[in-house]
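For clarity, every value in this text was computed on a predicted model and none was experimentally measured.
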Amino acid sequence: MSKGGTAVLNEQGAARTKRGYFGPYGGRFVPEGIAVLLEELEKAFDEAVADPTFRKELDEVLVEFVGRPSPVTECRNLSRACGGGRLFLKREDLNHTGAHKINNALGQGLLAKRMGKKRLIAETGAGMHGTASATAAALLGMECVVYMGAVDVARQAPNVGRMRALGATVVPVSFGQATLKEAVDGALAAWMEDPEAFYLLGSAVGPSPYPEIVRFFQSVIGSEARTQMLQREGRLPDEVVACVGGGSNAIGIFSGFLADPQVAITGVEPAGKGLHLGLGAHAATLVAGSPGVVHGFNTYVLADDAGEPAPVYSIAPGLDYPGVGPEHAYLKDTGRVQYVAVTDEEAITAFGRLCREEGIIPAIESSHALAYALKRLPSMEKEQILLVNLSGRGDKDLDTLLPLLGL
Ligand SMILES: *Cc1c(COP(=O)(O)O)cnc(C)c1O
């Protein structure tokens, strides 16, 4: 254990300390106008979670619309090639819309409907959360407005098209770096102007209660995976691995195993062009950042000398955020989860190998978790099991990656 000792875990394995906090991280550092809305959201969330009708509605839509449970797949070819442990994947890439984001978008969409909201506001980076939100809005008969950095609008045209086809309005945000951080700023400003709308936040970040809400809707990944491993192998995996952008797919799968001390847990951040190149070359917030406040909550941040969020970079558009979910900040300090970083190059190599050696095209985000797994497997025993959360499918990344793979 590193500094901080053992995490205090409740019966769900949540590292929450007092409401809204994970150790010193989390909280609600927002203007009064937004604090009132967050209070109302927290109350509605608590009521929904306690209501069996809501849980039933959520379960039904996850089965019939998303296609849950997602399977667990053993990768025999790669395991053999690496030598050492056995590699398993939790297949969130097989969900409707192609990633884990739909779990949260539908959950929050149902919550919004229950609160009588008619309009969803969402931010998006690469467009995956925007697409999931637009999908939820279409299914639930709501209006959807998605804020997206102008730079991302230009480089993610297929997702912009998908959102429009699904009936959403995409609003380009042109200030600053014109990417994800500014999209969040734009969405928050829009919410303050239209408090009757529901802000559908896409990762386990933001002011309380969002990290808790997103964790709740993504924990289906971990609870399914836990049951599937016990059914298939009669035991838990030895190590569970996920990529960390804001941290929602990671906390989703980790939540199923945090309370099992025999399961090692690893979060993988983007080292981009290399950590040694310093700020601007990566987005490894936990590995290379320090505590600070961003977007209304306390966490690890990549900040410049003036304390402003620094420019971030990763080849994976879903991973380039200068903050990280507050629960991950706490799990790092307590030592329950180890956080590492892999470079673009390592992720690209892992992407190519999963395609050719297993017949699965992974998202470049998920390929970061795979890259760590490929390095780790050779040092594991033959019967040991390493479970990777395959957060999404990689069709969206082919235009970028094929030239880099010389194809
Ligand atoms: C958005 C995204 C991520 C990163 O977001 P988290 O909140 O860290 O999970 C990872 N993988 C895929 C496929 C994504 O679309």
Side-chain angles (χ1 to χ4, degrees), residues 1-2 5-7 9 13 15 69-93 221-244 249-271 284 286-287 328 331-332 334-343 345-360 362 365-391:
M1 288 282 146
S2 67
T6 312
L9 303 174
S70 67
V72 158
T73 303
E74 179 167 12
C75 295
R76 292 190 178 80
N77 301 335
L78 270 178
S79 302
R80 200 179 313 116
C82 288
R86 298 164 70 192
L87 174 63
F88 285 75
L89 304 177
K90 175 64 172 162
R91 302 291 305 280
E92 292 300 296
D93 60 313
I221 305 172
S223 60
E224 281 178 11
R226 191 174 202 287
T227 306
Q228 287 166 319
M229 293 310 297
L230 287 173
Q231 275 175 356
R232 191 181 194 284
E233 298 297 320
R235 65 188 186 88
L236 297 176
D238 296 279
E239 185 166 347
V240 174
V241 181
C243 66
V244 179
N249 88 89
I251 205 64
I253 192 158
F254 293 175
S255 67
F257 304 96
L258 278 172
D260 302 298
Q262 73 273 31
V263 179
I265 304 182
T266 303
V268 185
E269 295 194 313
L286 289 164
V287 170
H328 290 292
L331 291 169
K332 172 191 162 81
T334 61
R336 175 64 187 96
V337 177
Q338 72 157 339
Y339 294 89
V340 299
V342 307
T343 62
E345 207 175 305
E346 292 171 308
I348 294 165
T349 302
F351 170 93
R353 291 196 66 182
L354 198 72
C355 291
R356 289 189 308 274
E357 295 177 52
E358 294 289 347
I360 298 171
E365 290 82 8
S366 327
S367 301
H368 284 70
L370 275 172
Y372 166 82
L374 297 182
K375 287 197 277 191
R376 174 78 180 103
L377 282 168
S379 62
M380 292 177 83
E381 303 295 332
K382 238 182 30 225
E383 65 288 346
Q384 285 192 303
I385 294 172
L386 190 155
L387 174 65
V388 169
N389 194 26
L390 199 75
S391 54

Asker: Among residues at least two apart in sequence or on other chains, which ones pass side-chain hydrogen bond (donor to acceptor under 3.5 Å, both in side chains) with R376?
Answerer: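 R376: side-chain hydrogen bond (donor to acceptor under 3.5 Å, both in side chains) contacts with E239, S379.
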Asker: Scan residues 74-88 for pairs that pass salt bridge (Lys or Arg N to Asp or Glu O under 4.0 Å), counting only residues two or more places apart or in two chains.
Answerer: E74-R76, E74-R86, E74-R232, R86-E233
Asker: Listed by chain and number, what are the side-chain contact (heavy atoms from CB on, under 4.5 Å) partners of S366, not counting sequence neighbours?
Answerer: A363, L390, S391
Asker: Restricting to side-chain contact (heavy atoms from CB on, under 4.5 Å), what partner residues turn up for E381, sequence neighbours left out?
Answerer: E383, Q384
Asker: Under the side-chain contact (heavy atoms from CB on, under 4.5 Å) test, which residues partner E357, sequence neighbours left out?
Answerer: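 E357 satisfies side-chain contact (heavy atoms from CB on, under 4.5 Å) with L78, A81, R353 once adjacent residues are dropped.
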Asker: I'd like to check the side-chain hydrogen bond (donor to acceptor under 3.5 Å, both in side chains) partners of E269; sequence neighbours left out, ordered by chain and number.
Answerer: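 E269 satisfies side-chain hydrogen bond (donor to acceptor under 3.5 Å, both in side chains) with no other residue.
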Asker: Who are the side-chain contact (heavy atoms from CB on, under 4.5 Å) partners of T343, not counting sequence neighbours?
Answerer: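 Expected list: A271, E345, E346.
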Asker: R235: what forms a salt bridge (charged side-chain N to carboxylate O under 4.0 Å, His left out) with it, not counting sequence neighbours?
Answerer: D238
Asker: Who passes side-chain hydrogen bond (donor to acceptor under 3.5 Å, both in side chains) against T73, sequence neighbours left out?
Answerer: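 T73: side-chain hydrogen bond (donor to acceptor under 3.5 Å, both in side chains) contacts with R91.
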Asker: In chain order, what residues pass the salt bridge (charged side-chain N to carboxylate O under 4.0 Å, His left out) check against R356, with sequence neighbours excluded?
Answerer: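 In terms of salt bridge (charged side-chain N to carboxylate O under 4.0 Å, His left out), with neighbours along the sequence ignored, R356 is linked to no residue.
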Asker: When you measure from the side chain of K332 to the backbone N and O of L286, does any donor-acceptor pair fall under 3.5 Å?
Answerer: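 Yes: the side chain of K332 pairs with the backbone of L286.
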Asker: side-chain hydrogen bond (donor to acceptor under 3.5 Å, both in side chains) with S223: which residues, sequence neighbours excluded?
Answerer: none
